[in-house]
Undergrad: 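My questions will all concern the structure given below.
Numbers here are sequence positions counted from 1. Keep in mind that the numbers below use all heavy atoms, side chains included, and drop hydrogens, waters and symmetry copies.
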Amino acid sequence: PRRSIPRDLAPGDVVTIVGGPYTPDSDRFYINANGTSDLPIFVRGISATARPVLTKKVHVTQGNWLVIENLNIKSEAGGVEIRPLESASPSSNIAVRNVLLEGVGDVFKGYQSFAAHSDYDSSILSNIVFFRNKSINAGQYSSATEDDSCSFSIQHRVQYIWLLENEGSHKIGRAHV
């Protein structure tokens, strides 16, 4: 068994994560996944009731035909972010489902639990689904003023996105959609 999550994933790869906590060598877990409709890629915990614990955000730098599911992310820096790191890296057909994000409370301004955006005109994100995810205790929720913390941040160069049956609590701020 591995003690880390591989960064580069090939069509048909299935990464099953058990137990934890897992902490990456950097400030986040990076995933570059290029599956196909016939051979999608899965990064997942065993089940929605036995989620492994990750201590940093998951950052999809490029993804096609990717499913991220059944994880518990306990982080002060966000949950799952879909954002290319370079131009000409479009991503599509990505599902994030049954992910529990447990923030650490009043430590981070501008906290985004689940995010999708691109900084590049040539890197459009399309057909993204966030389904049955939950974000709790993230951002400066006990503050008397809004801190720009949000459960979902859907910003630049994103088309065809679905947010279905997700929950967020103990937050202050607004969604960026």
Undergrad: Who passes side chain to side chain donor-acceptor pair (under 3.5 Å) against Gln159, sequence neighbours left out?
TA: none
Undergrad: Contact between Ile46 and Pro52 at the side-chain level, heavy atoms closer than 4.5 Å - yes or no?
TA: no
Undergrad: Of all residues at least two apart in sequence or in a different chain, which pass the side chain to side chain donor-acceptor pair (under 3.5 Å) check with Asn72?
TA: Glu102
Undergrad: Applying side-chain contact (heavy atoms from CB on, under 4.5 Å), name anything that partners Ser37, two or more places apart in sequence or on another chain.
TA: Trp65
Undergrad: With sequence neighbours left out, which residue pairs that include part of residues 66-98 fulfil the ring-ring contact (aromatic ring centres under 6.0 Å, His included) condition?
TA: none
Undergrad: Evaluate the side-chain contact (heavy atoms from CB on, under 4.5 Å) criterion for residues Asn166 and Phe114: first the C-alpha distance (whole Å), next the side-chain angles of each, then the deciding distance (0.1 Å), finally the verdict.
TA: CA-CA 10 Å; Asn166 297 287; Phe114 299 96; 5.9 Å; no
Undergrad: Could you list who else is in Leu164's hydrophobic cluster, with ILVMFWY side chains joined at under 4.5 Å, directly or through other members?
TA: Val129, Phe131, Tyr160, Trp162
Undergrad: Kindly work out whether a path of hydrophobic side-chain contacts (I/L/V/M/F/W/Y, heavy atoms less than 4.5 Å apart) joins Val158 to Val80.
TA: yes
Undergrad: Who are the side chain to side chain donor-acceptor pair (under 3.5 Å) partners of Arg157, not counting sequence neighbours?
TA: Asp121
Undergrad: Give every residue pair that meets the salt bridge (Lys or Arg N to Asp or Glu O under 4.0 Å) criterion with at least one member in residues 84-97, sequence neighbours excluded.
TA: Glu69-Arg97
Undergrad: So do Arg44 and Asn98 actually touch side chain to side chain, heavy atoms under 4.5 Å?
TA: no
Undergrad: Return the set of residues passing side-chain contact (heavy atoms from CB on, under 4.5 Å) with Asp13 (not counting sequence neighbours), or none when no residue passes.
TA: Leu9, Ala10, Ile41
Undergrad: Any heavy-atom pair between the side chains of Ile124 and Ser92 that's under 4.5 Å?
TA: no
Undergrad: Quick check: do Leu54 and Ile5 have side-chain heavy atoms less than 4.5 Å from each other?
TA: yes
Undergrad: With side chains defined as the heavy atoms from C-beta onward, is the minimum distance between Ile161 and Phe130 less than 4.5 Å?
TA: yes
Undergrad: Determine all donor-acceptor pairs shorter than 3.5 Å in which one atom belongs to a side chain in residues 25-36; sequence neighbours excluded.
TA:
| unit_1 | atom_1 | unit_2 | atom_2 | d |
| --- | --- | --- | --- | --- |
| Ser26 | OG | Arg28 | O | 3.0 |
| Arg28 | NH1 | His59 | ND1 | 3.0 |
| Arg28 | NH1 | Glu81 | OE1 | 3.4 |
| Asn32 | ND2 | Asp8 | OD1 | 3.2 |
| Asn34 | OD1 | Asn64 | ND2 | 2.9 |
| Thr36 | OG1 | Asp38 | N | 3.4 |
| Thr36 | OG1 | Leu39 | N | 2.9 |

Undergrad: For Ser126, give me all partners under side chain to side chain donor-acceptor pair (under 3.5 Å), at least two apart in sequence or on another chain.
TA: none
